[in-house]
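We use all heavy atoms of the structure for the numbers below, so side chains are in, but hydrogens, waters and symmetry mates are not. Chain letters run A, B, ... following the sequence lines, proteins first, then strands; residues in each count from 1.
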There are 2 protein chains.
Amino acid sequence: MTVSIMLVDDHPIVRAGLKAVFTSFEDIEVIAEASDGAEALDVLQQVTQNGTAPDAVIMDLQMKPMNGIEACRAITQAGGPPVLVLTTFDTQSDIVAAVEAGALGYLLKDAPPQQVHDAVLATAAGRRTLSPHITEVLLDRMRTPAPDLSPREIELLQALATGATNKQLAKQLFISEATVKTHLVHIYSKLGVDNRTAAIGVAREMRLI
Amino acid sequence: MTVSIMLVDDHPIVRAGLKAVFTSFEDIEVIAEASDGAEALDVLQQVTQNGTAPDAVIMDLQMKPMNGIEACRAITQAGGPPVLVLTTFDTQSDIVAAVEAGALGYLLKDAPPQQVHDAVLATAAGRRTLSPHITEVLLDRMRTPAPDLSPREIELLQALATGATNKQLAKQLFISEATVKTHLVHIYSKLGVDNRTAAIGVAREMRLI
DNA sequence: TGCCCTATCAACCAAATGGTTGATAAGAGG
DNA sequence: CCTCTTATCAACCATTTGGTTGATAGGGCA
């Protein structure tokens, strides 16, 4: 019995690569494709109405106009097939966002074909698959407590990233310089850094801004 | 007559995809593969000694331990086959670095198969190929009064973006704090800003880092 | 040869930033 | 009711950063 899947990736080359890999294994069949999240939802609805819904969806993250996270959330909430995220990005925020959006598995694109094959079968069967590296990142996150910045702190961080001085931040946010400094101290301690530049770097990496 | 090429990419899936694409066109044949720059140089030397040197090399950039830029430079300087860079990254610094390293063409991985095919033939024939988007980025760079930072200044900027203090920058770059400050002042004036945070913002926007 | 650019370092001063303590007030939650 | 979080502000001090001036040295170019 073969497993039928749908590919969602904005790179034709990657889609061709996955198809080539699956063809060589012979127990996985690609029955649908899409090049972004919105198209994925359309196509999925069509094939589902035809009675040929895929057993799993392989989803990239970085796509325009609708990215993989949003598409994954939509599919999962609609009770669609299980989603295996296959991407190049391994930042904490990407991984966590994908898991929270309901992704069943998360694999990196540098994975060897055999591993991709196994992960697809696992996903179709409803089993979770996280590559070792991904698992490590998730454990790291649990070890270190969540960033959990307040809305006001995020606002300040956004303005901070534009290169504003404390005085300018005070004006922009209609507060005193003293308050700006207080917020900054809180942000630093929450992000585990000790200056504004590092804060921006960490915030960017965590996709907080 | 078929064109013979070598693939250098750390993702097995992408290599499979490229092979699948070229198989369908039938006038391009993949005769060698490597998964990073160092391996690429090894393999290239082997096949060249066998008298079966490829007509072109397709090279990814982000690879460990030796990246595509260094490999490209080595191949070009040794009078090897022409290199077509095929990558996901479109920052000014990547593009300029690749061109300076002697790459004949620069294509993004989201290019349609036909475009990849044409670019490979062009590269093998010694013609330059830049995808429209890449050309635009290069023109942008020429249009805007060239930030024109020195290599050392770029290096410093990269380290700066991680949130390092002047003292840490000095250690990382093996120079004194005084020198760090001198570089920073130059960077600020070239980018038209007056503090490190703004410098990073502008540099990011200009895709210098 | 002389000039400019890059890269390096030093000393000095003013301004910005970071760190601390302490305070007020509103709202959420046990 | 009490506590915690968030948001606001003040004063103080140490450290960092920014700005300036000046100096040395090598490479490239006219």
Please tabulate, for side-chain N and O atoms in residues 182-189 of chain B, each donor-acceptor pair with protein atoms closer than 3.5 Å (sequence neighbours left out).
from, atom 1, to, atom 2, distance (Å)
B/Thr182, OG1, B/Ala178, O, 2.9
B/Tyr188, OH, B/Arg196, N, 3.2
B/Ser189, OG, B/His186, O, 3.1

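For A/Tyr188 and C/dT17, the OH to P distance is 8 Å, given to the nearest whole Å. In this structure, the NE2 atom of A/His186 is 11 Å from the P atom of D/dT5, given to the nearest Å. With rounding to whole Å, A/Glu153 atom CD is found 6 Å from D/dA7 atom P. Rounded to an integer number of Å, the gap from B/Lys167 NZ to D/dA14 P is 16 Å. Between the CG atom of A/Leu149 and the P atom of D/dT6 there is a distance of 9 Å, given to the nearest Å. B/Leu191 has its CG atom 13 Å from the P atom of D/dG18, to the nearest Å. For B/Leu169 and D/dG18, the CG to C1' distance is 14 Å, given to the nearest whole Å. The interatomic distance linking B/Leu156 (CG) with C/dT8 (P) rounds to 9 Å, in whole Å.
A heavy atom lying under 4.0 Å from DNA chain C marks the following residues of residues 157-166 of chain A, by number: A/Thr165, A/Asn166. Within residues 173-184 of chain B, the residues having any heavy atom closer than 4.0 Å to DNA chain C are, in order of number, B/Ile175, B/Ser176, B/Ala178, B/Thr179, B/Lys181, B/Thr182, B/His183.
Using a cut-off of 4.0 Å between Lys/Arg side-chain N and Asp/Glu carboxylate O, B/Arg152 and B/Glu155 are scored as salt-bridged.
Counting only residues at least two apart or on different chains, the ring pair (Phe, Tyr, Trp, His ring centres under 6.0 Å) pairs with a member in residues 94-127 of chain B are B/Phe25-B/His117.
Counting only heavy atoms from C-beta on, B/Asp194 has its side chain closest to D/dG19 among D/dG19, C/dT6, C/dT17.
For A/Thr129, there are no side-chain hydrogen bond (donor to acceptor under 3.5 Å, both in side chains) partners two or more places apart in sequence or in a different chain. Looking at residues two or more places apart in sequence or on another chain, you find no ring-ring contact (aromatic ring centres under 6.0 Å, His included) involving A/His11.
Between B/Glu70 and B/Asn67, the side chains place a donor N or O and an acceptor N or O closer than 3.5 Å (distance only, hydrogens not considered). With hydrogens and angles left out, the side-chain atoms of B/Gln45 and B/Asp42 include no donor and acceptor closer than 3.5 Å.
Applying the 4.0 Å criterion to OP1 and OP2 of C/dC5, one finds that B/Ser150 has every side-chain N and O outside that range. Contact annotation: B/Arg152 side-chain N/O to C/dT8 OP1/OP2 distance is under 4.0 Å.
Counting heavy-atom neighbours within 6.0 Å of B/Gln114 CD, excluding the residue itself, gives a total above 12.
If you take OG on A/Ser35 and NZ on A/Lys64, they are separated by 12.0 Å, rounding to the nearest 0.5 Å.
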